[in-house]
2 protein chains.
Amino acid sequence: MNEPTAISTYFKEAMTENRNLTEKQKQILEASLSLFAEKGFANTTTADIAEKAGVAEGTVYKRYANKQELLVAIIEPFRDSILPRMANDFGKTRVNLPVNTLREFLTNVVSDRMHFVMGNLSVIKVMMEAILYHPELRINLVGTGAKSIESIFGPAITQLKAKHLIADIPNDMVFQIIVSNFLGALYRAFLGLPARDVDEQVTYIVDALDRGLRPSI
Amino acid sequence: MNEPTAISTYFKEAMTENRNLTEKQKQILEASLSLFAEKGFANTTTADIAEKAGVAEGTVYKRYANKQELLVAIIEPFRDSILPRMANDFGKTRVNLPVNTLREFLTNVVSDRMHFVMGNLSVIKVMMEAILYHPELRINLVGTGAKSIESIFGPAITQLKAKHLIADIPNDMVFQIIVSNFLGALYRAFLGLPARDVDEQVTYIVDALDRGLRPSI
DNA sequence: TCATAAAGTGAGTGAAAACTCACTCACTAA
DNA sequence: TTAGTGAGTGAGTTTTCACTCACTTTATGA
């Protein structure tokens with residue numbers, strides 16, 4: 001059971017691949033990402049970004065017409081390539097494995113996503129801010145995200161239902177009940193509450209979900 | 001089963017009671033809260049606040065030395081009186097009711113808190129922003145919040161354990177698994193995913209939690 | 001090798017927003 | 001009646017910060 005690929009890895013990949021970014025432009029995007037995560041978009045100045053990236057402020061504006069475009073430049077590859085790709089990888093390696101029990105399915109999925117979430121706190125924070133305070137970005141991001149996830153998770157859950165391995169409750173609620181637990185772990189970390197080992201959390205959560213979502217008969 | 005008291009009601013109460021705020025100062029705090037919720041702290045100008053409160057910009061600075069202090073003035077009564085009081089009310093009216101089954105307990109708690117969360121989206125947004133991007137406020141707020149909740153929930157869960165109505169897993173995990181579901185519903189709403197009636201969500205969640213947290217034997 | 005373009009620079013600019021302060025005025029208490 | 005008080009005012013000041021542009025450096029290809 002390997003660690004899931006970190007978002008930053010996908011991020012660097014996406015940058016290398018499809019766009020002709022210079023080294024400095026990449027540094028600018030990476031600095032933006034890390035500063036937005038740390039202080040929030042509005043509390044980050046373009047001077048901060050330039051300094052952290054080790055470039056002049058003018059360089060930031062060579063490619064990105066304004067600050068907002070920096071956020072877009074981070075969110076866009078995310079929406080267009082990273083999210084679908086992650087969903088796909090996740091689908092192949094975790095969701096669509098052949099399973100004989102709900103517990104097996106849950107163990108695959110929960111363990112993987114919990115490590116994923118805990119290993120990507122800062123990027124997730126930026127996405128959360130974008131969703132909360134940049135409605136123009138929300139629509140796209142949420143739409144694509146929901147679609148990606150639905151296309152991977154939906155069939156898997158439907159299949160579990162066919163095999164009578166999971167209770168007959170609507171897919172969106174199955175999904176919500178599972179994902180809620182990732183949010184719970186996320187907030188535990190953000191809030192700085194007493195930490196608990198991820199694998200330990202996974203054990204308790206899988207256990208509760210297994211019994212909670214199993215068919216009643 | 002009444003709607004839980006809205007946060008804004010507690011907020012107005014707290015303002016009336018304990019501090020010697022003039023009418024205008026109250027208007028300033030109320031305007032701040034609603035603008036911060038709508039646009040975020042950083043995207044709200046003191047001119048906006050003054051206009052919405054119907055006062056001169058200078059009036060804002062009469063009591064609050066700077067913009068940050070406005071946020072503190074909102075969070076502070078929250079931490080000192082609103083949160084403890086909410087926890088207390090919630091404890092009396094929902095948590096510490098005599099119950100014979102886990103399902104009864106969960107129905108009381110989940111239904112109440114789900115309505116609470118869904119009825120207070122905008123205030124919760126402000127708190128979330130404060131926690132995510134104002135570390136100096138986080139420590140206090142989270143500490144007090146955690147303590148309030150622990151003091152109410154802890155004994156109740158311990159009691160359920162004594163009566164063998166709930167599985168023997170650590171209190172913090174019981175708590176996390178339950179609260180996760182409120183976060184899930186919160187995000188469903190924030191993201192603008194296809195809505196689902198709150199009471200319907202409650203039914204599914206209570207069902208899953210009941211079976212998930214019941215003792216195995 | 002050099003012309004031309006592309007990338008990078010950083011001091012400078014202006015607008016917006018935070019914050020100040022000399023003043024007003026309703027109210028109170030002597 | 002009046003002196004005193006302090007909340008409230010809003011024009012004015014200062015600061016911050018996104019953004020510009022004339023210039024320098026680096027890369028390219030003829």
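In what follows, chains carry the letters A, B, and so on, assigned in the order in which the sequence lines appear, proteins first and then strands, with residues in each chain numbered from 1.
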Q. Given atom NZ of A:Lys26 and atom P of C:dG8, what is their separation to the nearest angstrom?
A. 12 Å
Q | Sugar-phosphate only, base, or nothing, as touched by B:Val55 at under 4.0 Å among non-hydrogen atoms | A | sugar-phosphate
Q | Between D:dC21 (C1') and A:Tyr61 (OH): distance, integer Å | A | 14 Å
Q) Between atom CG in B:Asp48 and atom P in C:dA17, what is the gap in whole Å? A) 8 Å
Q: Hey, which sits more toward the 5' end of DNA chain D by its nearest nucleotide, A:Asn66 or B:Gly54?
A: B:Gly54
Q. Between atom OH in B:Tyr64 and atom C1' in C:dA18, what is the gap in whole Å?
A. 17 Å
**Q.** Atom-pair distance (CD on B:Glu57; P on C:dC23), nearest Å
**A.** 21 Å
**Q.** Below 4.0 Å: OP1/OP2 of C:dA18 and any side-chain N or O of B:Gln68
**A.** no
(Q) Tell me whether A:Gln176 contacts the main-chain N or O of A:Asp172 through its side chain, where contact means a donor paired with an acceptor under 3.5 Å. (A) no
**Q.** Atom pair distance, as rounded to whole Å: NZ in B:Lys39 and P in C:dA17
**A.** 9 Å
Q | Phosphate OP1/OP2 of D:dT16: any A:Thr45 side-chain N/O under 4.0 Å | A | no
Q: Verify the contact: side-chain N or O of B:Thr46 to OP1 or OP2 of C:dA18, cut-off strictly under 4.0 Å; return yes or no.
A: yes
Q. Between A:Lys67 (NZ) and C:dA15 (P), how many Å, whole number?
A. 19 Å
(Q) Under 3.5 Å, is there a donor on one side chain and an acceptor on the other for B:Tyr10 and B:Asp89? (A) yes
Q | Test: B:Glu13 and B:Arg85 ion pair at under 4.0 Å | A | yes
Q.
Ring of B:Tyr133, cation from A:Lys39 - is the NZ or CZ under 6.0 Å from the centre and inside 45° of the axis?
A. no
Q: Tell me what B:Thr59 touches on the nucleic acid: a base, only sugar-phosphate, or nothing, going by heavy atoms under 4.0 Å.
A: base
Q | Ring-face cation contact, A:Phe116 with A:Arg113, 6.0 Å cut, 45° max | A | yes
**Q.** Nearest-Å distance for atom pair CZ/C1', residues A:Arg63 and C:dA6
**A.** 11 Å
Q) Looking at D:dG8, does its base get a donor-acceptor pair with the side chain of B:Lys62 below 3.5 Å? A) yes
(Q) Taking 4.0 Å as the cut-off, does a side-chain nitrogen or oxygen of B:Lys24 come that near to OP1 or OP2 on D:dG8? (A) no
